[in-house]
Amino acid sequence: MDRADFFEQVYQVVRLIPRGRVTSYGTIAAYLGTKGSSRMVGYAMNGAHTVHPPVPAHRVVNRQGLLTGKHHFESPSRMQELLEAEGIAVLNDQVQHFKKLFWDPALELDLEA
DNA sequence: GCGTTGACGAGGA
DNA sequence: GTCCTCGCCAACG
């Protein structure tokens with residue numbers, strides 16, 4: 001990735017998240033090398049619904065497994081519905097078995113090549 | 001041009 | 001263990 005914008009890189013990683021898995025903003029940020037700019041990842045998701053192909057932003061939660069960004073979806077309950085549709089249990093805006101469903105790009109992709 | 005906000009996270013008390 | 005503070009960088013008012 002030479003010239004890819006930070007936003008676009010975020011979208012790219014999010015699209016790689018397998019179905020039924022979740023990750024956190026900070027993890028994505030760290031993967032992109034901008035660990036400190038975890039906020040920018042969340043902000044980038046702000047335009048997730050404007051890019052193509054669409055970004056599964058519902059698979060991205062904060063490091064606590066909380067659906068902090070659900071209010072940015074079409075409907076506050078939309079995010080939870082999408083997650084449950086993938087087999088992810090969500091209770092009180094929190095992903096159950098978060099640690100187990102956690103998906104780390106640097107770990108799963110393991111691109112050392 | 002300046003101050004505030006924000007889909008976060010880590011570190012210190 | 002919880003609570004508070006700082007950093008990060010872009011967008012918005």
Side-chain angles (χ1 to χ4, degrees):
Chain A
M1 312 47 173
D2 319 310
R3 300 304 221 71
D5 293 326
F6 176 73
F7 277 40
E8 192 168 320
Q9 291 193 47
V10 173
Y11 301 145
Q12 185 111 13
V13 175
V14 175
R15 287 196 209 107
L16 292 175
I17 303 174
R19 178 184 170 288
R21 290 293 202 84
V22 293
T23 193
S24 67
Y25 303 94
T27 301
I28 295 172
Y31 177 71
L32 296 178
T34 55
K35 184 182 172 193
S37 318
S38 50
R39 277 184 160 170
M40 292 298 89
V41 176
Y43 200 90
M45 305 316 289
N46 206 304
H49 64 98
T50 67
V51 297
H52 290 269
V55 178
H58 58 280
R59 292 179 188 155
V60 185
V61 296
N62 68 349
R63 102 173 175 83
Q64 302 176 60
L66 278 188
L67 281 55
T68 50
K70 68 175 191 172
H71 276 282
H72 289 257
F73 281 77
E74 305 169 55
S75 170
S77 60
R78 182 70 184 183
M79 190 172 185
Q80 182 173 332
E81 290 177 13
L82 291 170
L83 289 171
E84 292 182 330
E86 298 186 351
I88 301 176
V90 178
L91 181 63
N92 193 19
D93 297 339
Q94 183 174 342
V95 176
Q96 303 299 298
H97 308 292
F98 175 63
K99 187 176 181 181
K100 188 171 108 179
L101 298 175
F102 191 80
W103 180 83
D104 189 339
L107 187 65
E108 299 291 326
L109 297 179
D110 189 26
L111 41 62
E112 75 288 333

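Protein chains get the first letters and strands the later ones, always in sequence-line order, with residue 1 at the start of each.
In this structure, A:F7 reaches neither bases nor backbone, as no heavy-atom distance under 4.0 Å exists between it and the strands shown. Residue contacts shown for A:A57 include a base, since a base heavy atom lies under 4.0 Å away. Note on A:N46: a base of the nucleic acid sits closer than 4.0 angstrom, heavy atoms only.
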- Message: Each nucleotide in nucleotides 2-7 of chain C should get exactly one letter: B, S or -. Can you fill that in based on protein heavy atoms under 4.0 Å?
- Response: -----B
Mind listing the N/O atom pairs, protein and nucleotides 11-13 of chain B, below 3.5 Å?
none

Do any N or O atoms of the protein come closer than 3.5 Å to N or O atoms of nucleotides 1-4 of chain B, and which pairs are they?
none

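Rounded to whole Å, atom C1' of B:dA7 lies 12 Å from atom NE2 of A:H49. We find that CG of A:D5 is positioned 13 Å from C1' of C:dA10, with the value rounded to whole Å. A straight line from CG of A:L32 to C1' of C:dC9 spans 14 Å, rounded to a whole angstrom. Between the OH atom of A:Y25 and the C1' atom of C:dA10 there is a distance of 17 Å, rounded to whole Å. In this structure, A:Y43 places its OH atom 19 Å from P of C:dC8, rounding to the nearest Å. Taking atom CZ of A:F6 as the reference point, atom P of C:dA10 lies 9 Å away to the nearest angstrom. One atom, CE of A:M40, and another, P of B:dT5, lie 15 Å apart when rounded to the nearest Å. At whole-Å resolution of the value, CZ in A:F98 and P in B:dC8 are 12 Å apart.
Residues A:T23 and A:Y31 are not in side-chain contact: their nearest non-hydrogen atoms beyond the backbone lie 4.5 Å or more apart. A 4.5 Å side-chain heavy-atom check between A:S24 and A:F102 finds at least one atom pair inside the cut-off. Between A:M79 and A:H72 the shortest side-chain heavy-atom distance does not fall below 4.5 Å. No side-chain heavy atom of A:V60 sits less than 4.5 Å from a side-chain heavy atom of A:V10. Proximity of A:M40 to A:Y43: side-chain heavy atoms (C-beta onward) are separated by under 4.5 Å at one or more points. Side-chain contact between A:Y25 and A:M45: present, with at least one pair of heavy atoms (C-beta onward) separated by less than 4.5 Å.
A close approach under 4.0 Å does not occur between any side-chain nitrogen or oxygen of A:S37 and OP1 or OP2 of C:dA10. For B:dC8, the OP1/OP2 oxygens have no side-chain nitrogen or oxygen of A:S24 closer than 4.0 Å.
We find the CD1-CG distance between A:I17 and A:L101 to be 12.0 Å, quoted to the nearest 0.5 Å.
Annotation for A:Q12: atom CD does not count as buried by contact number, only 12 or fewer foreign heavy atoms lying within 6.0 Å. Surrounding NE2 of A:H49 are more than 12 heavy atoms belonging to other residues, nucleotides or ligands, all under 6.0 Å away. In this structure, A:R21 places its CZ atom where more than 12 heavy-atom neighbours from other residues, nucleotides or ligands lie under 6.0 Å away.
Here the side chain of A:R78 pairs no donor or acceptor atom with the backbone of A:F73 at under 3.5 angstrom.
Each of A:L66, A:N62, A:I88 was evaluated against A:V95; a single residue qualifies, A:I88, per the side-chain contact (heavy atoms from CB on, under 4.5 Å) test.
Closest to the side chain of A:H72, out of C:dC8, B:dA10, B:dA7, is B:dA7. Comparing B:dA10, C:dA11, C:dC9 against the side chain of A:R63 picks out B:dA10 as the nearest.
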